[in-house]
Amino acid sequence: LAMVFTAAMSMPVTEANAMMIVLAGTMVFTIVICFILRIKLTIYLLQLPLVFLLMTYFWTMWSMWLSPRSAISRDFSKLIATFTTPFFWLSGVLFNLERMPELGQTILLYNPVAWACKAVRHCFIDFTWIWEDPRELGTYLLVCAVVTVFAMHSYNQLHQEVPDVL
């Protein structure tokens, strides 16, 4: 775990600040849109920054896991791009996952983008807390943990080879 924090802390401060500015801008934009569309602001919106931070953590670990390998192999980079597209189309952005068969819902529990869509729906539509369904949050945290382990292994294995390739 120390390797992940060391690698994450090696990012320049400007990149970390940029991510926080994007998160803050997204929050402000969301609130402005709520006011314009007269969407009722509830206490459940307080969990939205947590959802954003959890997704930022996941995508940071995802990129730490796969970016070094993508730098080494162009084919691997294209393969990852091909596999990540279904993550977004099967995430429930365009449809409600609750209307899918039970097997499909169970499989999509392991899609972190689907979790984020459901979490945002909890904030704006369902008015529930993201931790009210421990199965959803637990599965998402399990996926984050697995990706973190892979990121640590990838960083440990490739952090000296990537500069040579670049």
I need the Tyr140 OH to Lys118 NZ distance, nearest 0.5 Å. 14.5 Å
What is the ring orientation for Trp129 with Trp131, classed by angle as parallel under 30°, tilted 30 to 60°, or perpendicular over 60°? parallel
I want to check something: taking the side chain as every heavy atom from C-beta on, are Phe124 and Cys34 in contact at a cut-off of under 4.5 Å? yes
Classify the ring geometry between Phe127 and Tyr44 as parallel (under 30°), tilted (30 to 60°) or perpendicular (over 60°). tilted
Donor-acceptor pair, distance only, cut-off 3.5 Å: does the side chain of Thr60 make one with the backbone of Thr56? yes
Hey, are the side chains of Thr148 and Trp65 touching, using non-hydrogen atoms and a 4.5 Å cut-off? no
Atom pair SG (Cys123) and CD1 (Ile43), whose distance is rounded to the nearest 0.5 Å: 12.0 Å
Between Glu98 and Arg121, is a side-chain contact (heavy atoms from CB on, under 4.5 Å) present by the stated rule, with each step listed? CA-CA 12 Å; Glu98 305 293 324; Arg121 273 200 188 100; over 6 Å; no
Rounded to the nearest 0.5 Å, what separates atom CD1 in Ile31 from atom OG1 in Thr26? 11.0 Å
Apply side-chain contact (heavy atoms from CB on, under 4.5 Å) to the pair Trp62 and Val143, showing each step before the final yes or no. CA-CA 10 Å; Trp62 177 268; Val143 169; over 6 Å; no
Per side chain to side chain contact (heavy atoms under 4.5 Å, CB included), Trp115 is matched among Ile130, Val120, Leu109 by Ile130
Are the side chains of Leu108 and Asn111 in contact, using a 4.5 Å heavy-atom criterion? yes
Measuring from atom CG of Leu53 to atom CD of Gln47, what distance do you get when rounded to the nearest 0.5 angstrom? 13.0 Å
Side-chain (Asp133) to main-chain (Arg135) donor-acceptor, under 3.5 angstrom: yes
Would you say Ile107 and Val146 are hydrophobically clustered, going by side-chain heavy atoms of ILVMFWY under 4.5 Å? no
Do the side chains of Gln105 and Arg99 get nearer than 4.5 Å, heavy atoms only? no
Flag yes if more than 12 heavy atoms outside Phe150 fall under 6.0 Å of its CZ atom; otherwise flag no. no
Rounding to 0.5 Å, atoms CE (Met61) and CG (Leu66) come to a distance of 12.0 Å
Check salt bridge (Lys or Arg N to Asp or Glu O under 4.0 Å) between Glu132 and all other residues, then give those that pass, not counting sequence neighbours. none
Say you draw a straight line from CE of Met64 to NE2 of His153; how long is it, rounded to the nearest 0.5 Å? 13.5 Å
